[in-house]
Protein chains: 2
Amino acid sequence: MDDNVPGNQSALKAARHMNLKELSQILGLSQTTVSRALNGYPEVAEATRQRVRKAAKTHNYRPNARAKGLATGRAMAVGHVIPVSSSHEMVNPVFADFIAGASEIYLRHGYDMVLSAVADNREEHAYREFAAKGSVDGIIVHGPRIADARIGLLSEVGLPFVVHGRASDETGDYNWVDVNNRRAFQRATEFLVDLGHRRIALINGLEVMDFAARRRDGYQQGLAARGLAADPLLIHSDEMTEAYGHDTARALLAGDTAPTAFLCSSIIAALGIRRAIEEAGLHMGRDVSVITHDDELSYLRNGSDVPTFTATRSSVRQAGRLCAERLIETIADPDQPPHHHLLEAELTVGLSTGPAPRPSAPPAAA
Amino acid sequence: MDDNVPGNQSALKAARHMNLKELSQILGLSQTTVSRALNGYPEVAEATRQRVRKAAKTHNYRPNARAKGLATGRAMAVGHVIPVSSSHEMVNPVFADFIAGASEIYLRHGYDMVLSAVADNREEHAYREFAAKGSVDGIIVHGPRIADARIGLLSEVGLPFVVHGRASDETGDYNWVDVNNRRAFQRATEFLVDLGHRRIALINGLEVMDFAARRRDGYQQGLAARGLAADPLLIHSDEMTEAYGHDTARALLAGDTAPTAFLCSSIIAALGIRRAIEEAGLHMGRDVSVITHDDELSYLRNGSDVPTFTATRSSVRQAGRLCAERLIETIADPDQPPHHHLLEAELTVGLSTGPAPRPSAPPAAA
DNA sequence: GATCATGTTCAAAGCGCTTTAAAAGTGATT
DNA sequence: AATCACTTTTAAAGCGCTTTGAACATGATC
């Protein structure tokens with residue numbers, strides 16, 4: 001009648017947790033009834049249910065997640081594999097906010113988030129692992145490349161998943177939530193051209209990443225739509241650090257045919273661009289214009305009332321929420337057709353753009 | 001003999017996973033032997049072990065994590081509760097790098113990381129939840145406050161944990177990994193005073209946070225050690241955003257007794273300070289000096305060869321590794337006494353500091 | 001009083017693994 | 001051929017839950 005286990009090596013551990021068996025004994029009910037009472041099954045008398053609920057609360061009972069998972073076949077957890085750039089040892093700063101958004105939703109639905117940060121060349125393994133171990137019911141795919149083997153792999157494995165972004169080369173259909181990157185960057189480019197800018201530099205992310213390729217595309221189409229040719233020397237792509245923005249902008253501004261405007265893929269790199277502009281004795285928004293994509297990171301708010309940067313804006317936290325919601329729906333009903341959610345970025349005008357300093361070429365086609 | 005289940009609603013799901021029973025049947029062995037072979041128990045004949053290993057590999061067998069956890073009583077997972085500031089909806093950007101570091105270690109030891117991002121006023125609940133559900137074997141505590149109820153709670157619950165930072169008011173003993181914030185900021189302050197600066201502003205984090213209080217302490221002790229009094233008007237504290245750094249620095253620089261130097265708690269806010277300095281037509285490192293704490297975030301590297309900022313440097317990713325290692329050791333042997341790991345920040349001189357522009361007061365004590 | 005429908009509770013099986021205690025096999029020694 | 005020591009394998013119990021199918025009340029209906 002007493003669970004005193006002498007010589008138990010974990011005796012020092014504080015009071016172990018109450019389990020269903022104990023709780024049902026206290027109540028003088030079967031485990032079945034207690035379990036059903038707590039899980040809202042209708043065949044339990046209301047009085048009994050109340051009694052059980054109350055006892056569960058006072059004894060701080062919470063069903064063991066593993067046992068529950070084993071019995072139901074559902075882990076009540078979703079996996080995020082966040083890639084750590086193997087070349088730069090860098091983890092994309094947008095993940096923090098994306099995850100904050102997704103987490104809100106998981107919390108609400110009782111899901112856990114299990115996360116594994118792996119070198120970007122080991123990601124596939126991480127997915128297989130998740131799938132085989134059965135530790136998650138679904139997966140969010142981060143940072144899709146143009147051709148991304150993970151998507152095929154996950155479809156094959158049969159684990160529900162949602163991609164944050166898209167993979168252009170992937171032929172199959174799948175759930176995704178993405179920003180209309182092409183459109184956003186085309187609009188931004190046209191906006192700059194309309195202000196009289198002719199030499200517009202693109203400070204882009206790594207172009208194996210699908211989002212970066214789409215942005216480049218938008219940039220080029222924007223130029224083309226205004227009858228301008230893209231200058232390959234103005235197009236740069238790398239991991240979006242502050243230093244990359246700075247160094248690239250500095251080099252470009254020092255050249256003999258310096259750009260009068262920059263279009264940038266991340267507010268972090270944009271901070272570097274601004275630094276280079278000011279170091280060159282120039283004034284952002286007057287001498288040189290800058291438009292950046294703004295993921296609305298919580299710690300890098302773009303100005304208070306008037307945005308510092310003119311930006312194509314789309315909240316990555318919101319994207320996290322949407323991905324999570326979609327994934328939970330898919331887990332609940334795996335057989336429904338894939339959904340696609342294309343978010344339009346707002347083009348918000350801030351202080352970093354203005355008319356090109358001196359018209360350099362006639363606006364008409366070459 | 002065939003597992004074709006007609007009418008099964010999840011028939012579309014790809015091939016379900018092999019389990020121990022199936023694998024042992026294929027091998028003509030008992031589950032016991034197969035389990036032991038794979039888990040490295042000595043009482044299995046070497047030939048058998050090889051045979052089992054090979055079969056496991058070819059059939060892509062991986063033990064079900066939940067079942068294993070249930071049987072062993074260990075979740076092979078650790079929990080991170082990351083606080084989302086309820087006032088600013090902000091998630092601290094250092095988490096991404098911390099987690100990348102911790103994840104390395106978890107991966108190596110076969111642990112999963114389960115993460116829950118909750119409003120900072122709901123954290124206790126999240127811990128209780130983790131503990132009661134038994135979904136993790138241990139917990140990392142992020143962002144300790146000066147008086148932090150979570151630590152007492154976790155000790156009580158008996159779940160192994162490691163704190164990233166410390167809580168000054170907490171009397172009990174517990175595992176922690178922290179930077180010597182007081183020392184770092186004292187040294188930085190003295191460094192600035194020795195360069196002739198007399199009016200040094202402190203741009204600090206929220207002072208309910210333990211790290212911020214310690215830094216303030218170091219700052220004040222540094223001034224005191226050089227016989228200077230702290231001016232309360234120069235001490236600011238808030239959530240460390242770029243805008244906060246900028247706005248505060250701008251206001252201070254516009255005042256009649258502007259500081260000649262800034263000591264800042266985060267490189268993100270320091271970027272804002274630099275912006276304010278340059279907007280005021282001043283030159284950082286000549287007219288105004290800046291020292292910042294640098295967590296060595298991967299996407300905000302402090303310069304390439306010569307650091308942009310003079311900084312007190314300590315890698316938060318490394319802290320993540322250390323916390324994870326400590327936690328895993330504690331899980332393995334919960335009865336060992338708590339360890340403390342105090343990291344010293346390096347004071348690295350960059351381009352943002354220089355002698356005070358014009359000596360304003362005699363260096364001797366007042 | 002037998003039958004039925006309905007509401008409520010329960011015993012037992014099963015999820016996939018580990019682990020205990022026992023059994024079976026293998027030589028060597030007597 | 002019996003005994004012993006040792007190595008290798010196994011059956012079965014158990015981890016904490018859900019869920020199936022059966023049992024037990026209760027009152028209404030014939």
Side-chain angles (χ1 to χ4, degrees), chain A residues 3 5 7-10 16-52 55-56 59-77 110 131-135 137, chain B residues 3 5 8 10 16-52 55-56 59-77 110 131-135 137:
Chain A
D3 53 358
V5 184
N8 181 350
Q9 78 276 23
S10 66
R16 228 199 62 276
H17 223 76
M18 162 128 330
N19 61 22
L20 184 59
K21 192 170 172 186
E22 289 161 15
L23 184 64
S24 59
Q25 278 166 356
I26 288 174
L27 282 161
L29 288 169
S30 73
Q31 298 190 36
T32 312
T33 303
V34 176
S35 169
R36 287 195 158 142
L38 293 173
N39 288 319
Y41 280 65
E43 58 271 75
V44 177
E46 199 47 38
T48 313
R49 190 191 303 282
Q50 294 307 336
R51 204 160 67 87
V52 171
H59 292 88
N60 191 29
Y61 169 76
R62 210 111 10 144
N64 178 292
R66 291 189 299 277
K68 186 164 189 162
L70 188 56
T72 58
R74 318 190 72 212
M76 290 308 283
K133 289 196 308 182
S135 43
D137 299 322
Chain B
D3 52 0
V5 184
N8 181 350
S10 67
R16 230 200 63 276
H17 223 76
M18 163 126 328
N19 61 22
L20 184 59
K21 191 171 173 186
E22 290 162 16
L23 184 64
S24 59
Q25 277 165 358
I26 290 174
L27 283 160
L29 287 168
S30 71
Q31 298 189 38
T32 311
T33 303
V34 175
S35 170
R36 285 189 159 146
L38 292 173
N39 289 318
Y41 281 64
E43 56 269 76
V44 177
E46 200 46 38
T48 312
R49 189 190 305 281
Q50 295 306 337
R51 203 160 67 86
V52 172
H59 292 87
N60 191 29
Y61 168 76
R62 210 111 10 141
N64 178 292
R66 290 190 299 275
K68 187 163 188 164
L70 189 55
T72 57
R74 317 188 77 212
M76 291 309 283
K133 289 197 308 183
S135 44
D137 298 322

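The model shown is predicted, which means the values in this text are computed figures rather than measured ones. Letters A, B, ... are given to chains in the order of the sequence lines, protein chains preceding strands, and every chain is numbered from 1. FYI, side chains are in, hydrogens and waters are out, and symmetry mates aren't considered; it's all heavy atoms of this structure.
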field: Nearest-nucleotide comparison on DNA chain C, the residue closer to the 5′ end among B:Leu70 and A:Ala45
entry: A:Ala45
- prompt: Taking the side chain from B:Asp137 and the backbone from B:Arg74, do they hold a donor-acceptor pair closer than 3.5 Å?
  reply: no
field: Short side-chain N/O contact to D:dT9 OP1/OP2 from B:Thr48, under 4.0 Å
entry: yes
message: Main chain of A:Leu29, side chain of A:Thr33: is a donor-acceptor contact present, judged purely on distance under 3.5 Å?
response: no
Phosphate-side-chain proximity, B:Thr33 and D:dT10, N/O vs OP1/OP2 below 4.0 Å: yes
For atom CG of A:Asn19 and atom P of D:dT18, their distance in whole Å: 12 Å
query: A:Arg74 CZ to C:dG16 P: how many Å, rounded?
result: 16 Å
- prompt: Closer than 4.0 Å, any side-chain N/O of B:Ser30 to the OP1 or OP2 of D:dT10?
  reply: yes
message: So, OP1 or OP2 of C:dT18: does either fall under 4.0 Å of a side-chain N or O from B:Ser35?
response: yes
- request: Report the residue (B:Ala67 or B:Glu46) whose heavy-atom-nearest nucleotide on DNA chain D is the more 5′ of the two.
  value: B:Glu46
A:Leu38 CG to D:dG16 P, straight-line distance once rounded to whole Å: 17 Å
- prompt: Between B:Arg49 and B:Gly40, what is the shortest heavy-atom contact and its length?
  reply: NH1-CA, 3.3 Å
query: Reckon B:Lys21 has a side-chain N or O less than 4.0 Å from the OP1 or OP2 of C:dG16?
result: no
query: Roughly how many Å is it from NZ in A:Lys68 to P in D:dC17, rounded to a whole number?
result: 9 Å
- line: note: A:Arg36, atom CZ; C:dT9, atom P; distance rounded to Å ~ 11 Å
message: Nearest to the B:Asn64 side chain among D:dC17, C:dG16, C:dC10, which nucleotide is it?
response: C:dG16
- request: Check the distance between C:dA11's P and A:Gln25's CD and give it to me in whole angstrom.
  value: 11 Å
query: Does A:Asn39 make a side-chain N or O approach to OP1 or OP2 of D:dT18 shorter than 4.0 Å?
result: yes
query: For B:Glu43, does its backbone N or O pair with a side-chain atom of B:Arg36 as donor and acceptor, under 3.5 Å?
result: no
query: Looking only at heavy atoms, which two atoms of A:Tyr61 and A:Asn19 are closest? And how far apart?
result: CE1-C, 3.6 Å
field: Spacing between B:Arg66 atom CZ and D:dC15 atom P, to the nearest angstrom
entry: 19 Å
message: Side-chain N or O of A:Tyr41 versus OP1/OP2 of C:dT9: is the shortest distance under 4.0 Å?
response: no
- request: Return the minimal non-hydrogen interatomic distance between A:Ala37 and A:Val44, and the atom names on each side.
  value: N-CG2, 3.8 Å
message: C:dC17, OP1 or OP2 - any side-chain N/O from B:Tyr61 closer than 4.0 Å?
response: yes
field: Separation of D:dT20 C1' from A:Gln31 CD (nearest whole Å)
entry: 15 Å
- prompt: Quick one: which of C:dC17, C:dT9, D:dT18 gets closest to the side chain of A:Glu43?
  reply: C:dT9
task: Determine the contact category for A:Thr32: base if any of its heavy atoms lies under 4.0 Å from a base atom, sugar-phosphate if only primed atoms, P, OP1 or OP2 are that close, otherwise nothing.
output: base
